Amino acid sequence: MAEKGSRAKALAGGTDVLVQLRAKRYLIDRLVDIKKIPEMNELTCTEQAGLVLGAAVPCCLIYENQDVSRLYPGLIDSAFLIGGIQIQGRASIGGNLCNAAPSADAIPTLIALEATCNIVGPKGKRTIAVEDFCTGPGQNVLKDGELLVSIHLPPPKRNSGAHYLRFIPRNEMDIAVAGVGASVVLSNGKIESARLALASVAPTPVFATKAAATLVGKEANEEAVLEAAEEAKKAAKPISDMRGTIEQRIHLVGVLTKRALNKAIARAKGAE
Amino acid sequence: MSLKIHVRTTVNGEETEFLCEGRQSLLEALRDILGLTGTKEGCNDGNCGACTINLDGRIVDSCLVLAAEAEGKTILTIEGVASIDGLHPLQQSFLEQAALQCGICTPGFIVAAKALLEQEPDADEHRIRHWLAGNLCRCTGYDKIIRAVLDAGAVVRGAK
Ligand SMILES: Cc1cc2nc3c(=O)[nH]c(=O)nc-3n(C[C@H](O)[C@H](O)[C@H](O)COP(=O)(O)OP(=O)(O)OC[C@H]3O[C@@H](n4cnc5c(N)ncnc54)[C@H](O)[C@@H]3O)c2cc1C
Ligand code: FES
Ligand code: FES
């Protein structure tokens, strides 16, 4: 891959790259099936070490895994939303991240869950936070010859919960008009820490740190949630397109942030 | 680049070999190289499900799989759904319920629904609709298809 530079691309589930190649979005000389690399298929999930998710593991293997379902229901929300069953049999979370679509349904969840990317290239290994991975629509920090090998999710903290949801015009199989991923850690009914990330409202997924910061130290109640939702709306810098207007998207960010936080809080309290 | 790739795979229970180009999809290989034209092309970009096949036990859109990826895999297409004993309960109930008009979507629906009924013959309407959300039909309005799958489920689990 290093030899071909930008004329080579990785193939995971192919649900983005094959569509884009067919649409002649770019021309390449080589497609490398990374599913043949064992590390790309790793799926190890324990309470002590967290989750190591090989970059090519398809969504279906993620939501069928009992340990992942128990420890990371927020990630399951995303894996279950990407495409229909046929797509979920192939599409990977690693591909969703590398494709770096502003609308990608897994990226806000990964940011909310403090995930990091394990990258390998000709010059060795490096690790970066998911929130620093995307640099523009379809653009990421990977240099020629570099591959995402796996995504690491730290072990879930005690009394923590996460949730991702999106708004689409249909019931299934559509691109998010807006999406919100949230995670919270509670301590004696108060919010100890929180993370929020937004989809489809900027050229890259948005890590809404200010909105999350408004929650810290507050009682986990409606008032705190509403304040964070208002602040999240300010972090959204959307465009108007065929799927939604600026006003609609900003409004949606408010509604979705509220719902994502309420569900994350409920999960942190032990509810499903 | 123009060198052909040799692929060995099992299609509908038979060991099969073919030569394909690197850029060819499995859908093209099935239809144009192997002559299995039961699998249909609708959108060629993963949206319609007309090209649904079963690949190693999972349903996938064959337009979004490269033919070369089939190496060593086990494939089931619509041609392999009926047995020597006759039509599969799904095929029978699609006919009885008139769950097709033009028929382009039908092979995809049947291959997809078969995978569901194998693991969950008692799937309810909600589950069936969710499972089949990746299959589009422009003619029937879906209700007849859902009813056909519900009926076939009853046959598969011996309740009918
Ligand atoms: C019908 C349909 C519905 C869809 N619905 C949704 C949806 O609801 N939500 C959503 O978010 N997405 C959706 N998608 C988009 C797509 O399915 C997802 O983004 C999916 O997660 C991509 O994963 P993949 O394994 O198929 O990636 P691929 O297509 O294999 O790869 C995607 C990109 O990442 C690069 N890449 C992949 N793996 C690596 C790696 N390890 N290192 C470096 N680069 C890599 C590839 O070169 C390519 O550029 C849909 C697509 C289709 C066709
Ligand atoms: S032809 Fe493959 S999904 Fe439409
Ligand atoms: S019967 Fe014509 S598309 Fe379904």
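Just so it is clear: chains get the letters A, B, ... in the order the sequence lines come, proteins before strands, and each one is counted from 1. Heavy atoms only: backbone and side chains are in, while hydrogens, waters and symmetry mates are out. On a predicted model such as this, the values are computed, not experimentally measured, just so you know.
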A side-chain contact here means heavy atoms from C-beta on lying under 4.5 Å apart; do [X] and [Y] qualify?
{"X": "A/Ile87", "Y": "B/Leu64", "result": "yes"}
{"X": "B/Arg58", "Y": "A/Leu61", "result": "yes"}
{"X": "B/His130", "Y": "A/Phe80", "result": "yes"}

Residue [X] excluded, over 12 heavy atoms near [atom1] under 6.0 Å:
{"X": "A/Lys258", "atom1": "NZ", "value": "no"}
{"X": "A/Arg70", "atom1": "CZ", "value": "yes"}
{"X": "B/Lys144", "atom1": "NZ", "value": "no"}
{"X": "A/His251", "atom1": "NE2", "value": "no"}
{"X": "B/Glu14", "atom1": "CD", "value": "no"}
{"X": "B/Arg157", "atom1": "CZ", "value": "yes"}

* Output yes when a side-chain donor or acceptor of A/Arg22 lies under 3.5 Å from a complementary backbone atom of B/Asn44, and no otherwise. =>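 Judged by distance alone, yes, a pair lies under 3.5 Å.
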
* Asked: Between B/Asn135 and A/Gln86, what is the shortest heavy-atom contact and its length?
  ->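 So the minimum-distance heavy-atom pair works out to OD1-NE2, 2.8 Å.
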
* Asked: For B/Leu66, is it the side chain, the backbone, both, or neither that has a heavy atom closer than 4.5 Å to a heavy atom of chain A?
  ->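 Both backbone and side chain.
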
* Asked: Is it the side chain or the backbone of B/Ala112 that comes within 4.5 Å of chain A heavy atoms, both, or neither?
  ->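 Only the side chain of B/Ala112 comes within 4.5 Å of chain A.
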
* To do: Name the region of A/Lys35, side chain, backbone, both or neither, that has any atom closer than 4.5 Å to a heavy atom of chain B.
  =>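 Looking at A/Lys35, just its side chain touches chain B.
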
* Contacting region of A/Leu11 [heavy-atom separation from chain B under 4.5 Å] ->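 A/Leu11 touches chain B through side-chain heavy atoms alone.
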
* Asked: Under 4.5 Å, heavy atom to heavy atom, which residues of residues 94-101 of chain A contact chain B?
  ->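 No residue falls under the 4.5 Å cut-off.
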
* Mind checking the OG1-CD1 spacing from B/Thr52 to A/Ile85? Nearest 0.5 Å is all I need. =>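 Result: 11.0 Å between the selected atoms.
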
* Asked: Between CG of B/Asp45 and CD of A/Gln20, what distance do you get to the nearest 0.5 Å?
  ->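 So the gap between those two atoms works out to 11.5 Å.
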
* Thinking salt bridges, do B/Glu69 and A/Lys36 make one under a 4.0 Å N-O criterion? ->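 So B/Glu69 does not pair with A/Lys36 through a salt bridge.
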
